[in-house]
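Comments concern the structure below.
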Amino acid sequence: DDITCHRYSLSDIILPVPGSHVVCPNNDVSTRLYEMLTAVSLSLSSFKLLRHFGLTVPGAYRHLVTRPQYLTSKLVEKVKPSVQVLPVSPVKTSSSMSCDQSHDVATQLHDECSTLQKTKELESALELEFSLGPSCYATSMLREIIQD
């Protein structure tokens, strides 16, 4: 009834992933799947033969399109990553170093770190949080979001 009334979307389409327990639908999807398997000298029964080698490839069914659950986003300010190396002068240490000398070295390092921190730039970043179903990959979703 949903099909005749055109009440469906891409996320309603489920495709078979070849394996020994997969039953293909009687439509063009099956025809194309059988053609692709035949092109690489396989059939659905090939997956049953793998049991003789101790391998199980049951197959599965996957949605053509899936949507993330619990998607939240926010724009945040972060310190821009840099490849600067902290310019530290060589420090000569000695067990006989006086407290004043130790203090001078610590002050020098603190000043150099402070100078470096002041030169760091901020940049905007988009922070995403979401949940995907089994066998769905975040990298694929992110690729879809950022592609032109």
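Residue numbers count from 1 along this sequence. Being a predicted model, the structure only gives us computed values, none of them experimental.
- Considering OG of Ser124 and CG of Leu75, their distance stands at 5.0 Å, rounded to 0.5 Å.
- Hydrophobic clustering, with ILVMFWY side chains joined whenever heavy atoms are under 4.5 angstrom apart, groups Val57 together with Val40.
- Between Ser20 and Leu50, every side-chain heavy-atom pair lies at or beyond the 4.5 Å cut-off.
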In residues 136-144, what donor-acceptor pairs under 3.5 Å come from side-chain atoms, sequence neighbours left out?
{"residue": "Glu144", "atom": "OE1", "partner": "Gln147", "partner atom": "NE2", "Å": "3.4"}

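- With a 6.0 Å radius and a threshold of 12 heavy atoms from other residues, nucleotides or ligands, Asn26 has its CG atom at or below the threshold.
- Distance check, rounded to the nearest 0.5 Å: NE2 of His21 to OG1 of Thr56 gives 8.0 Å.
- Within 6.0 Å of CD in Glu35 there are more than 12 heavy atoms belonging to other residues, nucleotides or ligands.
- If you check the side chains of Arg62 and Ser135, you find a donor sitting under 3.5 Å from an acceptor.
- Neither Ile13 nor Tyr8 shares a network with the other; the hydrophobic side chains, linked directly or stepwise wherever heavy atoms of I, L, V, M, F, W or Y lie under 4.5 Å apart, form separate groups for each.
- Residues Pro16 and Val29 approach most closely at CD-CG1, 3.9 Å, considering heavy atoms.
- The side-chain heavy atoms of Tyr34 and Leu44, taken from C-beta on, include a pair separated by under 4.5 Å.
- Residues passing the side chain to side chain contact (heavy atoms under 4.5 Å, CB included) test with Val76 are Lys74, Lys78, Ala125, Glu127, sequence neighbours excluded.
- Leu42 and Met36 fall within a single hydrophobic cluster, where Ile, Leu, Val, Met, Phe, Trp and Tyr side chains are chained together by heavy-atom contacts under 4.5 Å.
- The backbone N or O of Leu128 lies less than 3.5 Å from no partner atom in the side chain of Ser73, so there is not a single donor-acceptor pair.
- Inter-residue side-chain proximity for Val22 and Tyr61 is flagged as met; some heavy-atom pair is nearer than 4.5 Å.
- For the pair His63 (side chain) and Ile14 (backbone), a donor-acceptor distance under 3.5 Å is absent.
- You'll find the side chain of Tyr70 stays beyond 4.5 Å of the side chain of Leu132, heavy atoms only.
- Across Leu33 and Cys24, no two heavy atoms sit closer than the pair CD2-SG, 3.4 Å.
- Under a hydrophobic-cluster definition in which Ile, Leu, Val, Met, Phe, Trp and Tyr are linked whenever side-chain heavy atoms come within less than 4.5 Å, directly or via other members, Val23 and Leu15 are assigned to different clusters.
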